[in-house]
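Take a look at the structure set out below.
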Amino acid sequence: NAAYAGLALPDSTWSISTPVSMVSGLNHLNGLQITGLADGGVIQPMTVVNGSIKLPVAASAITIGLPFTAQLQTLYADFPGPTTSQGKRKDIFGITVRMESSLGAQIGCNQPDSSTEPNGASLSWTGLFPFKERGPNTLAGQPVQLITGDEYLMNPSGWNERGQVAFEQNFPLPLNVTACILWYQQGDSDG
């Protein structure tokens with residue numbers, strides 16, 4: 001064993017279990033699109049055929065499941081002042097998002113709310129921006145680390161009475177929002 005001989009092995013050149021490229025035992029998912037993670041990397045959607053899938057790259061830690069989109073939208077914004085800002089137009093031009101161990105999400109403002117749509121119709125969210133995940137400290141060819149801390153995003157939301165911030169996660173990655181701080185202008189002021 002090279003580790004016991006005093007030789008350090010580079011990341012991703014060792015594994016506890018033997019990497020595999022074929023995953024079987026998925027008969028209950030035959031014909032369905034799946035996604036997941038393989039050694040921390042997102043598995044692009046693929047269809048299960050004959051109870052198995054073939055990964056593009058062999059991996060040893062694999063999690064597979066049905067894809068879904070997770071969405072989070074804040075309550076209508078109400079800013080401090082002598083009167084409520086509910087029902088008044090506001091322009092959210094920047095957002096500081098505090099996250100814990102998160103990756104791969106998108107953010108925007110004032111997205112459709114299915115609970116207010118006739119018959120609960122589900123409308124797609126548009127105009128979302130991805131979080132910046134690669135920085136100067138992330139080397140090419142290395143995995144992007146989960147984000148913990150504050151991320152500031154410029155957000156050209158335009159004027160809207162609701163003033164909501166929307167988050168969407170389309171990947172099988174964690175999104176844990178612990179705070180959302182708005183940078184805004186308020187309109188419809190007296191006088």
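Between the side chain of Gln111 and the main chain of Cys109, a donor-acceptor pair closer than 3.5 Å is present. Using modelled atom types, no side-chain atom of Thr63 and backbone atom of Gly36 make a donor-acceptor pair closer than 3.5 Å. Of the possible donor and acceptor atoms, none in the side chain of Lys90 sits under 3.5 Å from a partner among the backbone N and O of Gly187. Of the possible polar contacts, none joining the Gln106 side chain to the Phe129 backbone as a donor-acceptor pair under 3.5 Å is found. Listed for the Asn30 side chain is a donor-acceptor partner under 3.5 Å among the backbone atoms of Gly51. With hydrogens and angles disregarded, no donor-acceptor distance shorter than 3.5 Å links the side chain of Thr35 to the backbone of Pro67. Using a distance-only test at 3.5 Å, with no hydrogens or angles considered, a donor-acceptor pair links the side chain of Ser102 to the main chain of Asn176. With hydrogens and angles disregarded, no donor-acceptor distance shorter than 3.5 Å links the side chain of Asn110 to the backbone of Arg162. Not one N or O on the side chain of Ser24 forms a donor-acceptor pair closer than 3.5 Å with the backbone of Ser52. In this structure, Ser21 contributes its side chain and Val57 its backbone to no donor-acceptor pair below 3.5 Å.
For Met154, the CE atom is loosely surrounded, since the number of other residues' heavy atoms within 6.0 Å does not exceed 12. At most 12 non-hydrogen atoms from other residues, nucleotides or ligands lie less than 6.0 angstrom from CZ of Phe171. Taking a 6.0 Å sphere around CG of Leu75, one finds it holds 12 or fewer heavy atoms contributed by other residues, nucleotides or ligands.
A heavy-atom distance below 4.5 Å is found between the side chains of Leu66 and Leu29. In this structure the side chain of Trp125 reaches within 4.5 angstrom of the side chain of Gln73, judged on heavy atoms. Residues Phe131 and Met99 have side chains in contact (heavy-atom distance under 4.5 Å, counting atoms from C-beta outward). Between Leu182 and Val165 there is a side-chain heavy-atom pair separated by less than 4.5 Å. With a 4.5 Å cut-off on side-chain heavy atoms, Ile43 and Leu55 count as touching. Within the 4.5 Å cutoff, the side chain of Gln71 has no heavy atoms near those of the Phe167 side chain. At least one side-chain heavy atom of Leu37 sits under 4.5 Å from a side-chain heavy atom of Leu173.
In the hydrophobic cluster analysis, where Ile, Leu, Val, Met, Phe, Trp and Tyr join through side-chain heavy atoms closer than 4.5 angstrom, Ile147 is grouped together with Ile95. Side-chain heavy atoms closer than 4.5 Å link hydrophobic residues (I, L, V, M, F, W, Y) into clusters, and following such links, even through other members, never connects Ile181 to Tyr76. Using a 4.5 Å cut-off between side-chain heavy atoms of Ile, Leu, Val, Met, Phe, Trp and Tyr, with links allowed through other members, Leu153 and Ile92 fall into the same hydrophobic cluster.
To the nearest 0.5 angstrom, Gln145 atom CD is 9.0 Å from Leu103 atom CG. Interatomic distance, Glu100 CD to Thr178 OG1, rounded to the nearest 0.5 Å: 7.0 Å.
Judged as a salt bridge (Lys or Arg N to Asp or Glu O under 4.0 Å), and not counting sequence neighbours, Asp113 has no contacts.
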- [ ] May I have the step-by-step check of side-chain contact (heavy atoms from CB on, under 4.5 Å) for Leu26 and Ile34, ending in yes or no?
- [x] CA-CA 10 Å; Leu26 306 174; Ile34 60 92; 5.7 Å; no
Open item on the list: If you apply the rule ring-ring contact (aromatic ring centres under 6.0 Å, His included), what do you find for Phe79 with Tyr184, and how did you get there?
Closed with: CA-CA 9 Å; Phe79 306 120; Tyr184 64 92; 3.4 Å; yes
Open item on the list: Between Glu151 and Ile107, does the side-chain contact (heavy atoms from CB on, under 4.5 Å) criterion hold? Intermediate values first, please.
Closed with: CA-CA 11 Å; Glu151 290 286 320; Ile107 188 171; over 6 Å; no
Open item on the list: Pair Thr69, Glu168 - check side-chain contact (heavy atoms from CB on, under 4.5 Å), show working.
Closed with: CA-CA 7 Å; Thr69 298; Glu168 184 172 87; 3.5 Å; yes
Task: From CA spacing to verdict: side-chain contact (heavy atoms from CB on, under 4.5 Å), Met46, Gln33 - done: CA-CA 5 Å; Met46 60 178 65; Gln33 287 263 313; 5.7 Å; no
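For the pair Asn160 and Gly163, the tightest heavy-atom approach, listed with the atom from each and the gap, is OD1-N, 3.9 Å. Contact between Thr148 and Ser101 at its shortest, heavy atoms only, is OG1-N, 2.9 Å.
Side chain to side chain, Asp78 and Ser85 meet the donor-acceptor criterion of an N or O pair below 3.5 Å.
Of the candidates Asn27, Ile64, Val23, Ile53, Ile53 is the only one forming a side-chain contact (heavy atoms from CB on, under 4.5 Å) with Val48.
The aromatic rings of Trp183 and Tyr152 sit perpendicular to each other, their planes meeting at more than 60°, with 30° as the lower class boundary.
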